[in-house]
Amino acid sequence: MKELSAKYNPSEVEDKWYSRWMEKGFFHSEPDGREPYTIVIPPPNVTGILHMGHVLNNTLNDVLIRKARMDGKNACWVPGTDHASIATESKVVARLKEQGISKEDLTREEFLRHAWQWKEEHGGIILKQLRKLGASCDWDRTRFTMDPDLSDAVISTFVHFYKKGLIYRGVRMVNWDPVGLTAVSDEEVIHKDTPSKFFHLRYYVSDGNGGRTDKYIVVATTRPETIMADAAVSINPDDERYHWLKGKTVLIPLINKEIPIIEDSYVEIGFGTGCLKVTPAHDVNDYAIGMRHNLPITDIIDDHGRLNENAVILIGEDRFVARKKIEKMLAEAGLLEKVEDYISPIGYSERTDAVIEPKLSTQWFLKMEDLAKVALDSVESGRTKLIPDKYRNTYRHWMENVRDWCISRQLWWGQRIPAWYLPDGTIVVEENAEKALAAAQKIDPALTAADIHQDEDVLDTWFSSWLWPISVFDPELPGHPDHKPNADLAYYYPTNDLVTGPDILFFWVARMIMAGDEFLGKEPFSNVYLTGIVRDKIGRKMSKTLGNSPDPLDLIAKYGADAVRIGMLLCSSAGNDIFYDESQVEQGRNFCNKIWNSYRLITGFAVSETAEQPAASAAAVEWFKAKLSSTIEAVEDHYSKFRISDALMAVYRLFWDDFCSWYLEIVKPAYEDGKPLPMDKATYDATIGFFDALLRLIHPVMPFITEELWQDLAPRGENETIMFAKTPAAEAYDPAILSDFAFAEEVIVAIRGICQQKNLLPRQALSLLFTGFFPERDAAVIKKLALVDSVEEGKASGEGVSFMIGTSELFVPLGGLVDTAEEIAKTEKELDYQKRFLDSVRKKLSNEAFTSRAPEAVVAAERKKEADALSRIASLEAQLDTLRNL
RNA sequence: GGAAGAUUAGCUCAGCUGGUUCAGAGCACCUGCCUUACAAGCAGGGGGUCGACGGUUCGAAUCCGCCAUCUUCCACCA
């Protein structure tokens with residue numbers, strides 16, 4: 001037995017075991033006869049680095065996968081990364097800029113070379129970091145959403161939906177990101193209340209010849225820089241204030257362009273001035289009004305958010321600069337009535353934080369109506385369970401109001417849309433250029449490859465990640481529903497559980513359900529566990545800019561991976577936000593140390609083949625066996641409900657309180673002549689067995705320390721690992737063993753309390769008298785831990801301290817050490833409490849309504865309370881008598 | 001503007017279909033201990049009108065209504 005230090009040193013242990021696990025291929029899974037248990041990782045951005053959110057998510061994933069593995073299932077956790085088109089592309093653009101290279105100066109191919117280079121250098125760092133956390137992913141299965149075959153799957157999917165008539169190309173008002181220079185989907189727009197200004201502008205009524213009359217109306221707008229794109233001013237047809245305007249035209253301020261007055265009930269009479277400037281090119285609603293009234297569309301803002309030549313004035317100015325300048329111009333021209341402060345909801349790009357510009361552009365869309373119905377039904381019917389359940393409401397709302405998905409992005413990093421344009425504008429959609437040419441030649445046999453050109457845009461990242469649970473196993477399948485799933489897909493799909501954040505419930509989870517149904521007719525997973533957001537102690541989101549996010553790797557280096565995992569789980573009740581605090585990680589570290597030291601104690605025991613098993617040890621072994629089983633039951637129940645932190649807490653208390661503080665203290669051998677006596681073999685074997693079970697029980701949350709100690713606990717074979725040891729199973733037990741021991745614990749705590757209170761230090765042996773129930777089987781335990789040398793049935797007599805547990809009366813004689821007056825006062829107080837309690841019970845029982853209507857069991861319980869109280873009162877009165885006669 | 005959820009000890013939470021003395025856990029706190037596994041520890045202890053007000057019921061932390069506060073999601077009022 002080697003000498004173990006008093007402190008657990010995680011860093012040397014962790015690297016050792018992780019490399020062993022890797023070397024042995026313990027994480028790798030292949031289809032076999034066992035039941036599969038599968039999780040696909042929510043793929044982090046390929047260029048991302050590990051943050052606390054990942055730690056939470058991947059710890060939970062790893063706990064589930066390790067638990068399943070020990071339950072005897074064929075556990076497979078597929079890792080990988082996401083190409084995250086807009087996020088990665090903007091990083092690459094930024095790096096090129098640092099090198100003095102502008103994206104505009106590069107060809108698509110040159111840019112992609114840089115991007116791939118960047119991916120090779122920085123990609124996958126996060127996966128390496130996950131290993132430090134102990135994540136037991138099947139690294140042989142690592143996937144990237146832009147692996148060639150996965151990209152093919154994305155392309156096939158596009159072709160599939162196009163040919164099915166669900167994908168169309170059209171001019172629509174989209175959310176334009178003027179910094180990312182791409183359209184983004186509705187879900188990628190974040191609305192934030194933003195302080196802005198409400199400008200009241202004068203629009204003069206035209207005299208019909210391009211000149212103005214002296215009448216004018218006031219139009220309120222937050223975007224005066226768009227007036228040059230106005231196509232009309234609208235009033236509500238029922239607004240009597242403006243009936244005189246009907247049929248007239250007005251002049252756009254500054255540029256004096258004549259535009260009509262139109263009537264549309266969209267305009268609210270009570271809002272603003274009741275006059276709405278209609279700017280179809282730059283506002284979603286105005287676009288709709290424009291369509292209704294056949295208004296011309298003037299687009300005055302370019303892709304970068306600058307005014308273009310259509311604007312007539314302020315050409316080339318940024319939209320916000322233009323707003324300031326035009327305010328001044330309007331004021332100088334006497335056309336600015338007033339300016340009010342105003343809070344308006346402004347859309348921002350999730351990725352670049354740029355103010356979204358509603359913009360007309362030609363984009364590709366996927367019809368969502370039918371897909372959303374399927375995805376909604378899956379959750380409503382319970383085939384896909386959301387945990388916690390409250391997200392169902394949000395989910396339903398989203399699914400019922402979903403709009404078509406804008407899937408094209410004006411980027412280069414991603415899967416290029418497989419659509420080719422013929423010279424006459426005809427579109428052919430095929431999986432590659434050859435097929436496209438062939439299709440084109442069917443239309444016009446004279447065409448050559450040079451005559452057709454491919455769409456420049458790429459697909460939304462989520463259009464690839466929604467295939468993730470399928471394509472990681474069988475990239476051939478998506479888009480080819482007649483293709484027979486390969487062996488991996490057939491075995492691992494559907495996966496079991498998905499752990500992810502609620503922020504991507506719609507982006508990702510819902511769409512995976514759609515894709516799963518489309519291609520396999522089956523949901524991709526049965527349970528979706530939605531974690532909370534990791535916040536700091538005072539509730540702020542963790543963010544780089546606030547600097548309140550610790551680097552997980554630093555934490556692991558300082559406290560150990562097991563401690564970090566514990567710290568994270570301790571504060572993570574499902575569905576609630578996580579208030580992270582380093583003290584929780586400290587608690588995790590302390591727990592590791594506790595386990596470590598209990599191991600030092602146990603392995604230090606000397607064993608005697610001949611020694612008799614002491615009665616206390618026999619009782620302790622019997623009790624802990626039952627306690628272990630009852631806790632295993634509780635833990636299994638918690639796991640089945642995804643209450644991971646409760647499962648952890650149950651084992652934590654079992655290990656620390658029950659095993660260390662009670663069990664080990666009971667079986668710990670006494671000392672004689674400064675040396676510990678050897679332990680009997682029966683107790684020793686039982687103890688080792690318990691420790692082994694405890695390690696296995698807690699391995700899913702603390703993989704490293706458990707492997708280290710489990711390997712050392714007994715001789716293990718080269719290929720043995722706790723990872724594949726079985727989850728301990730609960731055995732039948734007599735519940736009386738547990739209740740008896742609980743009683744004994746109360747006795748011991750009471751006696752210890754008396755000793756501390758009476759200052760009986762150093763401790764001296766006491767005797768104990770009892771009347772009423774007493775757990776004989778634990779008498780020896782009480783003697784040992786409470787330092788009592790005799791336990792006898794008998795009434796209190798002489799000086800001493802009485803206490804009651806249940807209806808039993810216990811008495812510790814303490815001649816000369818007791819303040820009788822104090823004991824009398826204490827007993828009187830207790831008696832008074834019992835009497836009042838009795839009164840309340842009797843009041844209940846004398847209520848006819850209660851006895852007649854409450855269930856029998858409840859009434860019986862009340863009657864027992866009454867009887868117990870009476871018995872206690874009798875005891876207390878007897879005690880008082882004794883005390884008063886001293 | 002609409003919707004959902006939350007409110008229990010100093011902090012983070014549990015308390016499942018109302019009913020055992022139901023008001024709990026962990027951490028923090030207080031007191032005493034460096035007792036030969038562990039001071040990152042041991043032993044003992046204090047602490048809450050279950051957000052407010054009404055209602056249903058024999059009985060409410062638990063069910064219903066309303067109010068307050070917080071969080072989140074959704075939303076095209078210029």
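Labels below follow one simple rule: chain letters A, B, ... track the order of the sequence lines, proteins then strands, and each chain is numbered from 1.
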Rounding to a whole Å, what distance do you find between [X]:[atom1] and [N]:[atom2]?
X         : N      : atom1 : atom2 : value
Gln584(A) : A28(B) : CD    : C1'   : 12 Å
Lys864(A) : U20(B) : NZ    : P     : 14 Å
Asp657(A) : C38(B) : CG    : P     : 19 Å
Lys641(A) : U17(B) : NZ    : P     : 11 Å
Tyr8(A)   : A39(B) : OH    : C1'   : 21 Å
Phe655(A) : G26(B) : CZ    : P     : 17 Å
Phe642(A) : C13(B) : CZ    : P     : 21 Å
Glu586(A) : A40(B) : CD    : P     : 10 Å

Exercise. What does nucleotides 72-78 of chain B look like as a protein-contact string, B for base, S for sugar-phosphate only, - for none, at under 4.0 angstrom between heavy atoms?
Worked result: SSS-BBB

Exercise. Within the structure shown, what part of the strands sits under 4.0 Å from Gln834(A) by heavy-atom distance: base, sugar-phosphate, or nothing?
Worked result: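 Answer is base: heavy atoms of Gln834(A) come under 4.0 Å of a base.
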
Problem set entry | Under 3.5 Å donor-acceptor pair, Arg752(A) side-chain atoms to A43(B) base atoms |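 Per atom types, no contact qualifies.
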
Exercise. If you take atom types as modelled and just measure distance, does the side chain of Glu665(A) reach the base of A37(B) with a donor-acceptor pair under 3.5 Å?
Worked result: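 A donor-acceptor contact between them is present.
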
Can you say whether the rings of [X] and [Y] are parallel (under 30°), tilted (30 to 60°) or perpendicular (over 60°)?
X         : Y         : result
Tyr652(A) : Trp656(A) : tilted
Phe506(A) : Tyr395(A) : tilted
His200(A) : Phe198(A) : perpendicular

Exercise. Is any side-chain nitrogen or oxygen of Lys594(A) closer than 4.0 Å to OP1 or OP2 of C42(B)?
Worked result: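 Affirmative; the distance criterion is met.
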
For this session: Considering just the side-chain nitrogens and oxygens of Tyr652(A), establish if one lies under 4.0 Å of OP1 or OP2 belonging to C27(B).
Result: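 Affirmative; the distance criterion is met.
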
Problem set entry | Counter-base of U12(B), judged by Watson-Crick or G-U geometry with both distances under 3.5 Å |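 Pair assignment: U12(B) / A25(B).
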
Exercise. Does any nucleotide pair with A78(B) by Watson-Crick or G-U wobble geometry, both distances under 3.5 Å, and what is it?
Worked result: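 WC or wobble partner does not exist here.
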
Problem set entry | Criterion side chain to side chain donor-acceptor pair (under 3.5 Å) on Asp230(A) and Thr279(A), from CA distance to verdict | CA-CA 4 Å; Asp230(A) 287 353; Thr279(A) 318; 2.8 Å; yes

Problem set entry | Derivation of the side chain to side chain donor-acceptor pair (under 3.5 Å) call for Glu582(A) and Tyr559(A) | CA-CA 10 Å; Glu582(A) 195 158 318; Tyr559(A) 297 103; 2.7 Å; yes

Closest listed nucleotide, where the reference is the side chain of [X] and the choices are [options]:
X         : options                : value
Arg653(A) : U31(B), A40(B), G26(B) : G26(B)
Asn593(A) : A4(B), A40(B), G41(B)  : A40(B)
Phe579(A) : A43(B), G19(B), U12(B) : U12(B)
Tyr671(A) : A4(B), A43(B), U36(B)  : U36(B)

Problem set entry | Distance between C1' atoms of G46(B) and G10(B) (Å, rounded) |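 Rounded to whole Å, the distance is 13 Å.
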
